[in-house]
There are 2 protein chains.
Amino acid sequence: MARATVQDVARTAGVSVGTVSRVLNGSPAVSEASKEKVTAAIRQLNYRPLASARDLRRDRTMRILALAKNLNSPVISEAFRGVGDAAALSGYVSLIAPTSGDLEREQQLVDMLRNGSVDGLVLFSPTMPDQEVEALAEQLSVVQVCEITGSEAAFGVSIDDRQAAFDITRHLIATGARRLAMLGFQAARSGRLRESGFRQALADAGLSPGQMLFVQGDFDFHAGRRLTKKLLDTDTLPDAIFCGNDIVAAGCVREITDAGLRVPDDIAVAGFDDSVQAEMCVPELTTIRQPAYEMGRLAFDSLLERMTVPGAHRRGRVFLPHELVIRDSTRA
Amino acid sequence: MARATVQDVARTAGVSVGTVSRVLNGSPAVSEASKEKVTAAIRQLNYRPLASARDLRRDRTMRILALAKNLNSPVISEAFRGVGDAAALSGYVSLIAPTSGDLEREQQLVDMLRNGSVDGLVLFSPTMPDQEVEALAEQLSVVQVCEITGSEAAFGVSIDDRQAAFDITRHLIATGARRLAMLGFQAARSGRLRESGFRQALADAGLSPGQMLFVQGDFDFHAGRRLTKKLLDTDTLPDAIFCGNDIVAAGCVREITDAGLRVPDDIAVAGFDDSVQAEMCVPELTTIRQPAYEMGRLAFDSLLERMTVPGAHRRGRVFLPHELVIRDSTRA
DNA sequence: GGAGGGTTTGGAATCGATTCCAAATTGAAG
DNA sequence: CTTCAATTTGGAATCGATTCCAAACCCTCC
């Protein structure tokens with residue numbers, strides 16, 4: 001049995017297609033009698049309006065798409081929950097797709113916005129250069145969350161990564177650390193900002209940075225172990241290590257512990273993101289909490305305005321407050 | 001500037017819409033001269049075919065949607081990678097959306113298949129009852145991965161959860177355990193199958209199960225701690241605990257360690273899934289590895305056949321082999 | 001130079017839902 | 001019983017890309 005159309009419904013209900021459409025869209029200009037006939041016919045034929053026909057005519061889809069390198073990240077999945085909940089309140093469906101850092105796949109997904117498959121786009125961790133993000137946001141409905149461009153040309157929601165790294169580094173120094181190392185991720189802007197905040201805190205305290213190690217590939221548990229091993233193989237050990245996220249910090253702690261040293265007594269370790277891994281770690285990690293859910297909500301609100309108000313193009317960046325969460329991995 | 005249409009392209013290129021469409025779709029029946037004019041016009045107008053118009057005419061979208069309660073699960077995100085890679089090879093875009101276990105939201109997303117917003121659906125952890133899944137699969141392109149219905153009415157790819165739980169429990173017994181407890185999740189079919197495998201292994205060894213504790217809400221780290229605490233508060237301690245996944249097992253290990261007991265010497269612990277958390281845990285977890293990526297690939301292949309071959313409706317279940325990964329949390 | 005083959009092209013019809021306009025119906029008021 | 005306004009209805013036009021059919025075109029060969 002083929003799909004029923006609005007024509008079929010009109011025929012079985014004994015009314016015109018106009019009336020069927022009016023019932024479907026809750027127009028008040030329909031008599032009670034027609035409404036019942038149409039509703040009955042719809043149920044009888046198991047009719048659903050075809051999305052492509054409706055989208056074509058209405059020129060919108062009520063769908064948005066979010067893109068991230070990777071869906072595992074706890075911050076991103078939480079932020080996407082925020083996007084999704086806000087979207088649902090306004091009748092939008094939100095979908096997400098991983099790009100795996102593949103530029104070609106990212107382009108293919110961004111094309112879904114260009115060709116009208118979705119009404120808006122949320123970028124969590126773009127692979128394309130900042131300039132392209134901004135060019136895209138210039139003419140289409142795009143917002144950024146977490147990983148945002150350096151300029152004010154587009155719109156983005158994030159925490160102040162530089163300040164957060166500065167805060168947590170200052171905490172490390174306050175607990176007595178003097179030789180501080182960092183395990184970071186320079187491929188992302190947020191990673192570079194965190195590096196910068198780290199350096200600034202050291203400079204302010206009159207200290208000079210110890211070893212700065214940066215990952216090339218995945219910024220994960222094994223990378224954390226690998227880099228820490230390299231760190232421990234040198235003669236002068238650091239007394240504190242700042243890691244760009246909790247997972248890497250967990251790898252770091254693990255490698256230190258396996259080497260027979262103690263955290264935080266011999267070496268303090270700090271993470272970033274306050275993901276569940278921060279609590280799974282032994283000792284539990286001092287870290288930075290990001291208001292990810294709220295960031296997602298805010299991003300959708302801005303996207304909605306962009307999609308619905310003609311000519312609205314919000315620019316600039318919103319930085320939500322982060323929180324320093326102190327746990328046993330850094331207590332003196 | 002409004003969106004350019006195929007008409008606009010035809011006008012600026014000085015050809016007909018038919019020719020433009022032929023160029024767009026790579027038809028050979030176009031002269032080199034026309035092709036160039038059209039390509040130039042397309043570039044000049046920055047033209048992209050509108051998805052809804054194309055989808056309407058072609059009666060397919062080249063998009064599929066995957067649904068899961070939750071995107072964090074490492075097995076699901078890996079399986080979805082498999083789906084996505086296989087889909088990309090066939091020119092399909094694959095998207096995913098979390099349902100949060102909310103029936104209404106799930107229905108809204110399933111409607112995207114019903115109304116032709118996508119061509120196929122991959123279900124990872126449905127919230128709707130099995131019967132509805134099967135009714136849906138009966139008439140539309142749906143496949144299940146990981147969490148599959150009990151009957152052969154629909155199609156699904158999974159491991160044999162019962163057998164896997166049986167295998168790992170037998171391993172626990174082989175390393176000397178005699179009083180075995182379990183932390184499980186009965187809300188999911190896979191959870192019940194794992195429970196059944198666990199019980200069977202005990203029965204085969206002539207043992208009777210110790211405490212069987214089941215979570216109500218989230219099956220996460222904190223739930224693992226909470227349940228383990230309850231377990232440790234009784235007078236007769238178990239000498240091995242089988243947990244329904246690695247995260248819960250990590251919580252379990254943590255609670256045991258915090259209580260001053262040792263894993264595996266006092267109590268052995270086994271997990272499930274072989275996620276990165278199994279390696280982050282101290283000691284590292286004995287667990288079951290699922291070939292998640294391969295499961296996803298296979299599921300897409302079947303979905304593709306269902307979507308493209310008229311009348312094809314593959315039924316039944318495919319169980320891929322799992323692997324028992326033995327680590328320090330259970331070594332004698 | 002013309003007939004016959006293949007190649008290329010134009011343009012109308014189509015997909016299915018929405019919307020606008022005019023026509024039909026209803027109801028109330030006189 | 002008319003008249004007028006308000007309500008309800010039918011149906012054609014529309015959205016933009018694809019596809020089919022017929023017409024136009026180009027060669028080649030006799």
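All values reported here derive from a predicted model rather than from experimental measurement.
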Using a cut-off of strictly less than 4.0 Å between a heavy atom of the residue and any atom of DNA chain C, enumerate the qualifying residues of residues 31-43 of chain A by number.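 Contacts with DNA chain C under 4.0 Å: none.
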With a 4.0 Å heavy-atom cut-off, tell me which residues in residues 4-26 of chain B come close to DNA chain C, sorted by residue number.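 B:Gly14, B:Val15, B:Ser16, B:Val17, B:Gly18, B:Thr19, B:Arg22 - these, ordered by number, are the residues of the stretch whose heavy atoms sit under 4.0 Å from the strand.
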Taking five pairs at each end of the helix from C:dG1-D:dC30 to C:dG30-D:dC1, what angle separates the two helix axes (nearest 10°)?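 About 50°, once rounded to a multiple of 10°.
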Residues forming a side-chain contact (heavy atoms from CB on, under 4.5 Å) with B:Glu132, sequence neighbours excluded: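 Partners of B:Glu132 by the side-chain contact (heavy atoms from CB on, under 4.5 Å) criterion, ordered by chain and then number, come out as B:Gln107, B:Met128, B:Pro129.
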Sequence neighbours excluded, which residues qualify as side-chain contact (heavy atoms from CB on, under 4.5 Å) partners of B:Glu152?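 So B:Glu152 forms a side-chain contact (heavy atoms from CB on, under 4.5 Å) with B:Arg317.
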Short side-chain donor-acceptor distance under 3.5 Å, A:Ser190 and A:Glu147: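 Distance-only check passes for A:Glu147 and A:Ser190.
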Please examine the side chains of B:Tyr293 and B:Asp85, heavy atoms only from C-beta on, and report whether any two atoms are closer than 4.5 Å.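 Yes; the side chains approach each other to less than 4.5 Å.
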Anything under 4.0 Å to a heavy atom of chain B counts; send over the first and last such nucleotide of DNA chain D, read 5' to 3'.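 Both ends considered, the range comes out as D:dG16 to D:dC20.
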N/O donor to acceptor pairs below 3.5 angstrom from side-chain atoms of residues 40-55 of chain B, sequence neighbours left out:
unit_1	atom_1	unit_2	atom_2	d
B:Arg48	NH1	A:Asp111	OD1	2.7
B:Asp55	OD2	B:Arg63	NH2	2.6

Please, which pairs that meet ring pair (Phe, Tyr, Trp, His ring centres under 6.0 Å) have at least one residue in residues 104-154 of chain A, sequence neighbours excluded?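 The answer is none; no pair qualifies.
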Pairs flagged by ring pair (Phe, Tyr, Trp, His ring centres under 6.0 Å) wherever residues 96-118 of chain B is involved - sequence neighbours left out: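 Residue pairs passing ring pair (Phe, Tyr, Trp, His ring centres under 6.0 Å), neighbours aside: none found.
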So what does A:Leu50 hit on the nucleic acid, given a heavy-atom distance under 4.0 Å: a base, only sugar-phosphate, or nothing?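 A:Leu50: backbone/sugar contact only, no base atoms under 4.0 Å.
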Mind checking side chain to side chain donor-acceptor pair (under 3.5 Å) for A:Asn115 and listing every partner two or more places apart, or none if nothing turns up?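 Side chain to side chain donor-acceptor pair (under 3.5 Å) check on A:Asn115 returns A:Ser117.
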All side chain to side chain donor-acceptor pair (under 3.5 Å) counterparts of B:Glu134, not counting sequence neighbours: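 For B:Glu134 the side chain to side chain donor-acceptor pair (under 3.5 Å) partners, ignoring immediate neighbours, are B:Thr149, B:Ser151.
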In Å, rounded to the nearest 0.5 Å, how long is the span from CG of A:Leu303 to CD of A:Glu305?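 Output value for this atom pair is 10.5 Å.
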Can you give each donor-acceptor pair under 3.5 Å made by side-chain atoms of residues 90-102 of chain A, sequence neighbours left out, with the distance rounded to 0.1 Å?
unit_1	atom_1	unit_2	atom_2	d
A:Thr99	OG1	A:Gly101	N	3.2
A:Asp102	OD1	A:Glu104	N	2.8
A:Asp102	OD1	A:Arg105	N	3.2

Taking only Lys NZ, Arg NE, NH1 and NH2, and the carboxylate oxygens of Asp or Glu, determine whether A:Arg189 and A:Asp130 approach each other closer than 4.0 Å.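 Result for this pair is yes, salt bridge flagged.
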